[in-house]
Amino acid sequence: MTRFLPDGDRLHFGAATASYQIEGATTIRGRGPSIWDTFAAKPGAVKDGKDGKDAPDSYFRYTEDADLLRDLGAEYYRFSVAWPRIIPAGTGDVEPRGLDYYDRVVDALLERGVTPTGTFYHWDLPQALEDKGGWLNRDTAYAFADYAMVVHDRLGDRVKVWATHNEPWCATYLGYAAGVHAPGLKLGGEAHRVAHHLNLGHGVAAQRLHAAGCEDVGIVHNLAPIWPEEDCSPEAADGIDAIRNRVWLDPLIDGAYDDGLLRVAPELADPELVQEGDLELIKGSADWLGINYYTPVRPGPTAPPAPGQAVHPETEGYPGAEPVTFVVRDPRTDIGWEVEPRGLEELLIETHKRTGLPLMVTENGAAYDDHDRIERDGVSIVDDQDRIAYLDAHIEATRRAREAGADVRAYICWTLLDNFEWAEGYTKYFGIVGIDPLTKDRIPKASYYWLQSQLKDSAS
Ligand code: FCB
C-alpha cells in the first residue's frame with residue numbers, strides 16, 4: 001500500500017497554522033461568516049476585541065509564507081481549510097473561488113518542496129450551520145463529510161495526508177460547555193452531545209475519504225497526560241481523563257464509550273444520540289493520530305465552582321466530572337501554561353501503546369512576550385531565547401519517546417506566524433515569525449533561524 005505519511009526512519013519536521021488564525025480576507029470572494037466572526041463580535045468575547053480580519057493576511061501573502069517554509073527547511077506544512085470559503089452556507093452551493101485559493105496554496109508549497117498536510121476543521125464552522133444547532137445537530141456531521149469530500153476531490157491529487165478535526169475537545173468544551181470559544185454556549189454536560197457528533201463527523205468523513213482512495217486519514221487531538229496531585233480523588237482524576245482523553249480514543253480504538261466516561265457523561269448513553277452503527281463506524285477509522293501538546297493537566301483537590309457559573313474546563317474541572325482545582329507549576333509561558341516536556345514524552349509513549357497508530361506531533365510551541373531584540377543582517381529581530389529553549393526541550397522529548405518505541409513520525413511546530421490566538425486575540429505570540437502590525441510584514445525571530453539550523457542537521 002502506498003503511504004504518504006512521513007516515514008519512521010527519522011523524525012521529520014514542519015510548521016502549522018490554521019485558516020481563521022492567519023488568512024484575513026474574511027468578507028471577500030464569497031466567504032460566508034463563521035462562528036468565530038460572530039463570536040468575536042460580542043463585546044468581551046475576545047481580549048483585544050479583534051477578529052480574523054486583522055490576521056496576517058495569508059490569503060494574499062501565502063507565497064511569502066511558502067518561501068518562509070522553504071527557507072526554514074520545513075518538510076511539512078500543516079494548514080487548515082476554511083469551510084465557509086468552500087461552502088459558505090455550510091451545505092449546498094460550492095464557492096469555486098474558495099477552492100481556487102487552496103489550490104494555489106498547495107501548488108505554491110509543492111513548487112518549493114514543502115509537503116502540505118490538510119485539516120478540514122480547525123474551528124471555523126459556517127455560521128449558517130450554527131443557526132441550525134451547529135455540532136449539537138447530528139446533520140452537521142454529515143454536512144462536514146460532504147464538505148470534506150468537496151475539498152478532497154479538488155486537492156486530493158496533491159494533498160495525501162488529511163486530518164478531519166483539530167482538537168475537538170476545545171470545540172466541544174470551550175465552545176459549547178464553557179462558552180469561552182465560539183459559539184459561546186454555556187451548556188455544561190449537554191456539550192457531551194457535541195463530542196459525539198464530532199466523533200461521528202470524523203467517522204463518516206473518514207469512511208468516504210477512504211472510499212475515495214485517501215489512505216492517510218487522521219484526527220488531531222489535544223490529549224493530555226493527567227497527573228493528579230496527592231489530594232485529588234481517584235474518581236475526580238478518572239473523570240478528567242475520561243473527558244479529556246478517552247471520549248476520543250475509546251470510540252476510535254474500541255468502538256465504545258466506557259463505563260467511567262458514562263458515569264460523568266451520561267448523555268453519551270442516550271440511544272437517540274449514539275445511534276446504532278455509530279461506534280462501529282468510528283472504530284478503526286483513523287490511519288494516524290495527531291497530538292497537540294502544550295502542557296500537562298494536574299487535577300488537585302475538589303473545589304465546587306461559584307454557583308450559577310459555567311464550569312471553565314481549563315481551570316475548574318470538566319462538565320459532569322467532580323469539580324477540581326487545577327494546579328499549574330512553574331515555569332510557565334506567557335499564556336500561563338506550565339512548561340513540562342516530560343508530559344509530551346509520556347503522552348507519545350502511552351498514546352502509541354494505547355492506539356498502535358503512527359503519531360505526529362501536530363502542534364507544540366510556546367507563547368512568550370517577545371520583548372528582547374537583536375540585530376541580524378541589519379534588521380532588528382526578536383531574540384526569543386525562551387521559545388528556543390521550549391522547542392529544543394520538546395523536540396528532545398519527542399526523540400526520547402521514539403527511542404522508547406513510540407512510532408512518532410514528525411514534529412510540527414506551532415506556529416509559523418504570530419496570529420489570532422482565539423479568545424486571546426492578538427495578545428499572545430506563538431510564532432517563530434513575527435508580524436509587523438501595520439504592514440503585516442513577516443520578520444523571522446531568532447527561533448526561526450534556530451529551527452532552520454536544527455532542520456539542516458536533521459536532514460543531513
Ligand atoms: C491549540 C490550537 C491552535 C493554537 C494553539 C496555541 O489549542 O489548536 O489553533 O491556538 O492551541
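In each ligand, atom 1 is the first atom listed, and ligand 1 is the first ligand listed. Throughout, residue positions are numbered sequentially from 1 according to the sequence presented.
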Next item on the list: Please identify which atoms of ligand 1 are closer than 4.0 Å to at least one heavy atom of N166.
Entry: 8 (O)
For residues 39-49, dump all side-chain donor-acceptor pairs below 3.5 Å to protein atoms at least two apart in sequence or in another chain.
residue : atom : partner : partner atom : Å
K47     : NZ   : E424    : OE1          : 2.8
D48     : OD1  : K50     : N            : 3.2
D48     : OD2  : Y426    : N            : 2.7

Check: Can a non-hydrogen atom of N222 be found less than 4.0 Å from any atom of ligand 1?
Finding: no
Check: N/O of W414 under 3.5 Å from N/O of ligand 1, yes or no?
Finding: no
Check: Got the closest protein heavy atom to atom 5 (C) of ligand 1, with its distance?
Finding: Y294 OH, 3.3 Å
Notebook entry, point to check: Hey, does L5 have a side-chain heavy atom less than 4.5 Å from the side chain of M360?
Noted result: yes
Item checked: Heavy-atom check, side chain of L110 versus side chain of P116, under 4.5 Å -> yes
Note to self: In the structure I gave you, are the side-chain heavy atoms of T117 and R78 within less than 4.5 Å of one another anywhere?
What the structure shows: yes
Next item on the list: Could you walk me through whether V382 and I443 pass the side-chain contact (heavy atoms from CB on, under 4.5 Å) test, one step at a time?
Entry: CA-CA 8 Å; V382 168; I443 308 162; over 6 Å; no
Next item on the list: Could you say whether the N/O atoms of W123 and ligand 1 ever approach to under 3.5 Å?
Entry: no
Checklist line | N or O contact, H122 vs ligand 1, cut-off under 3.5 Å | finding: yes
Notebook entry, point to check: Applying a 4.0 Å heavy-atom criterion (strictly less than), which segment of T415 is in contact with ligand 1: side chain, backbone, both, or neither?
Noted result: neither
Item checked: Enumerated ligand 1 atoms positioned under 4.0 Å from heavy atoms of F430 -> 6 (C)
Note to self: Under a 4.0 Å threshold between the charged nitrogen and the carboxylate oxygen, would E350 count as salt-bridged to K353?
What the structure shows: yes
Next item on the list: Could you list the atoms of ligand 1 found under 4.0 angstrom from a heavy atom of W422?
Entry: 3 (C), 4 (C), 9 (O), 10 (O)
Item checked: Residue and atom name of the nearest protein heavy atom (relative to atom 3 (C) of ligand 1), distance in Å to one decimal -> E363 OE1, 3.3 Å
Checklist line | Basic-acidic side-chain contact under 4.0 Å: R104, D107 | finding: no
Next item on the list: Show which atoms of ligand 1 fall inside a sub-4.0 Å distance from at least one heavy-atom site of Q21.
Entry: 3 (C), 4 (C), 9 (O), 10 (O)
Check: Among I282, D258, L261, which residue meets the side-chain contact (heavy atoms from CB on, under 4.5 Å) test with D250?
Finding: D258
Item checked: E338 vs R298 side-chain heavy atoms within contact, under 4.5 Å -> yes
Note to self: Give me the nearest non-hydrogen protein atom to atom 7 (O) of ligand 1 as residue plus atom name, then the distance to 0.1 Å.
What the structure shows: E167 OE1, 2.5 Å
Notebook entry, point to check: For atom 10 (O) of ligand 1, what's the nearest protein heavy atom and its distance?
Noted result: E421 OE1, 2.7 Å
